[in-house]
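Please read the structure below before turning to the comments.
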Amino acid sequence: MVTSFTLDDLMVIEASRQIQDENIVLVGTGLPMVASLLAQKLHAPKMCYVVETGNIAPEVIPTPTSVCDPRVMYKAIKHGSLLDSLGGILQRGLADIAFLGGAQIDEYANVNSTSIGDYSNPKVRLPGSGGANDLASHAKKILIITRHEKRRFPKNCDYITSPGYIDGPEGRKNAGIPSKYPDIIVITNLCVMEIDKKTGKLVITKLMPSISIDDVITNTDFEPLIQSSINVSNPTQKEIDTLHNEVDPLGVYLKKNNPINN
Amino acid sequence: MLNKIIDKTMNPKDAVQEFISDGDTIGIGGQSIGRVSTLLAHEIVRQQKKDLTLVGCNLSLSMDLLVGAKLVKRTECGSGSFERFGTAFQWRNAIQNNLIEFQDYSHLAMASRFLAGSLGIPFIPTKSMLGTDLLKKQNTNKINPFEIINNPWQKDEPVVLLPALQPDVSIIHAQMADKSGNIIIEGFTTHEPEMIKASKKVIVSCEKLIDSEFVKSHPEKISIPYIFIDAVIEQPLGGYPTSVYNYYEHDSDHILYYQEKARSGGKEYSNYLDEYIYNCKSFEEYIQKSAGTNKIKALKDSMLKLL
């Protein structure tokens, strides 16, 4: 029996379970980094961690705050360029998994990280694509980790920075996007949603423990389809220990508060 | 063979005066909180070079300072971000208030544009950005930012063509250079190799000036040969408050302080520019004011522990 964990912990742990050994994974920092390092320490020791700035296969030291942090450069096999990572690996088609984040995610898993409101006269201007559009266009599988709030899941994004399935099952193919039918998995603190290849829309595939379908629907602006309401597996003690003792020991990304006693 | 060393060493004042003009397109080096060319950005602000177009990938402090000092008319980049330290707030404010033109691209698209510029070819294809608002929504139509064509060798395969980009001048902070401008960049190189080679002029500041004999005995270590570089400035801590790999870590305190002022804007921001740029007689004075000797030592020690 695991002593205690938060839904944020489990969100990151569930994301780490998506990564397989020897996968080439394009990662930045933040929760995706935490999930990737957890996978590397548990079940994917031969995972190749690639940072967009050009670092390949570093032994990341806890806890970097930037893709330029020397902590994501430690014992790398190569310090390269952005063109090496985003061009030579990603656009070349070699990335198995890429992580995305964003302010808005719509029902086709399109992501907005550019602006809220009108693009030319934005209410809030956000940082922009960065490498996100590249990751979403070229990776074979796309993972999105985000806390679940209604405003983050609108029916339509104000601006599509990174492509999900655009407007339907053939949306990516019709637009000429190289990775035509990737798996896209959105993991939140309430549920797991995946792209249904028949509709190109996100469907609920798993619920976090103690969370109901109604909780998810209340906190989602679009109407998510429901494929299954099985629970995300509880974390093992090893997953929790590795997460808090080795990957994020300083609690930079995951605080040990509001635990669910289990 | 380079028998005679061409001496390109300059001070920042003369380099900016000689190589940067009002209306220039400036390539900005560094990424996020890493290896930003703070020294040169400060000098451009001090000399009030105007109507600038700034280009790069993930732009942060240099862009934000120049926008905040009202010297920028347009930006073309992939993002305006300090990552966990927030958006580039003065840039954000300028966009929200229609004070500048802006063109969004993905990072790969910008790096590809520099690559085309560095190869002397007019445009370059990419398969990024298809199907998204990066292609559908534009802020201005003054410059055609892309074309979509069909791959001539593959029926019905759309391809995005991006215009080559050759900045009038680029500003970079590197770890090392010799007098003639053979430069060594350690750690990540982000979009800089392509951008430097694409630029008509390049000003490089560096942590350490190295002997040209060292270059000749270690040619494999040279990131960019001297033929692309026009001015070399030795300035330890020239990338502060961002990190310079092998030399010092970023200063979270000063970055957070800057972000607080940049987010507030108005008088608070102009006071920041006064205190840390206009009223500083030298870059060393800025370093002393914002960090001080003990803090700098701690940032250097901290980096050494991470190597």
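All values below come from the heavy atoms of this structure, side chains included, with hydrogens, waters and symmetry mates left out.
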Best-contacting candidate, [options], against chain A by heavy atom pairs under 4.5 angstrom:
{"options": "B:Tyr105, B:Trp91, B:Phe85, B:Phe114", "value": "B:Trp91"}
{"options": "B:Ser128, B:Gly34, B:Ser79, B:Ala88", "value": "B:Ser128"}
{"options": "B:His107, B:Lys137, B:His191", "value": "B:His107"}
{"options": "B:Glu194, B:Glu186, B:Arg35", "value": "B:Glu194"}
{"options": "B:Gly187, B:Pro158, B:Ser81", "value": "B:Gly187"}

(request) Using non-hydrogen atoms and a 4.5 Å limit, figure out which bit of A:Tyr253 sits close to chain B: side chain, backbone, both or neither. (result) side chain
(request) Select one option (side chain, backbone, both, neither) describing which atoms of A:Ser81 are under 4.5 Å from chain B's heavy atoms. (result) both
Tell me which of these, [options], has more heavy-atom pairs under 4.5 Å with chain B than the rest.
{"options": "A:Thr161, A:Val124, A:Asp134", "result": "A:Asp134"}
{"options": "A:Gly54, A:Ser162, A:Pro122", "result": "A:Pro122"}
{"options": "A:Gly87, A:Gly80, A:Gly128", "result": "A:Gly80"}
{"options": "A:Asn121, A:Leu83, A:Asn55", "result": "A:Leu83"}
{"options": "A:Leu82, A:Leu90, A:Leu86", "result": "A:Leu82"}
{"options": "A:Lys78, A:Arg172, A:His138", "result": "A:His138"}

Can you tell me which portion of [X] sits under 4.5 Å from chain A's heavy atoms? Options are side chain, backbone, both or neither.
{"X": "B:Met110", "result": "neither"}
{"X": "B:Leu115", "result": "side chain"}
{"X": "B:Thr190", "result": "both"}
{"X": "B:Glu249", "result": "side chain"}
{"X": "B:Thr126", "result": "both"}

(request) Taking atom CZ of B:Phe123 as the centre, report whether more than 12 heavy atoms of other residues, nucleotides or ligands fall under 6.0 Å from it. (result) no
(message) For A:Lys180, I'd like to know if atom NZ has over 12 heavy atoms of other residues, nucleotides or ligands within 6.0 Å.
(response) no
Is there a donor-acceptor contact under 3.5 Å linking the side chains of [X] and [Y]?
{"X": "A:Tyr119", "Y": "B:Asp104", "result": "yes"}
{"X": "B:Glu192", "Y": "B:Gln31", "result": "no"}
{"X": "B:Tyr248", "Y": "B:Glu207", "result": "yes"}
{"X": "A:Thr188", "Y": "A:His148", "result": "yes"}

Short N-O contact, [X] and [Y], less than 4.0 angstrom:
{"X": "A:Asp221", "Y": "A:Lys155", "result": "no"}
{"X": "B:Lys127", "Y": "B:Glu157", "result": "yes"}
{"X": "A:Asp158", "Y": "A:Lys123", "result": "no"}
{"X": "B:Asp301", "Y": "B:Lys305", "result": "no"}

Look at the side chain of [X] and the backbone N and O of [Y], then say whether any donor-acceptor pair between them is shorter than 3.5 Å.
{"X": "A:Ser129", "Y": "B:Gly78", "answer": "no"}
{"X": "A:Asn23", "Y": "A:Val25", "answer": "no"}
{"X": "A:Arg147", "Y": "A:Arg152", "answer": "no"}

(request) I would like to know whether A:Phe153 and A:Thr146 meet side-chain contact (heavy atoms from CB on, under 4.5 Å); could you show each step before the answer? (result) CA-CA 10 Å; A:Phe153 292 99; A:Thr146 182; 3.7 Å; yes
(request) Give the minimum heavy-atom separation between B:Ser243 and B:His250, together with the two atoms involved. (result) CB-N, 3.3 Å
(request) Using the six-membered ring wherever Trp is involved, compare the ring planes of B:Tyr269 and B:Tyr258 and label them parallel, tilted or perpendicular (cut-offs 30° and 60°). (result) perpendicular
(message) Non-hydrogen contacts under 4.5 angstrom with chain B: give the residues of residues 110-117 of chain A involved, or none if there are none.
(response) A:Thr114
(message) Heavy atom to heavy atom, less than 4.5 Å: which residues from residues 64-73 of chain A reach chain B?
(response) A:Thr65, A:Ser66, A:Val67, A:Cys68, A:Asp69, A:Pro70, A:Arg71, A:Met73
(message) Applying salt bridge (Lys or Arg N to Asp or Glu O under 4.0 Å) to A:Asp96 and A:Lys140, what does each step give before you reach the verdict?
(response) CA-CA 5 Å; A:Asp96 297 303; A:Lys140 293 172 197 161; 3.3 Å; yes
(request) May I ask you to test the B:Val244-B:Gln175 pair for a side-chain heavy-atom distance under 4.5 Å? (result) yes
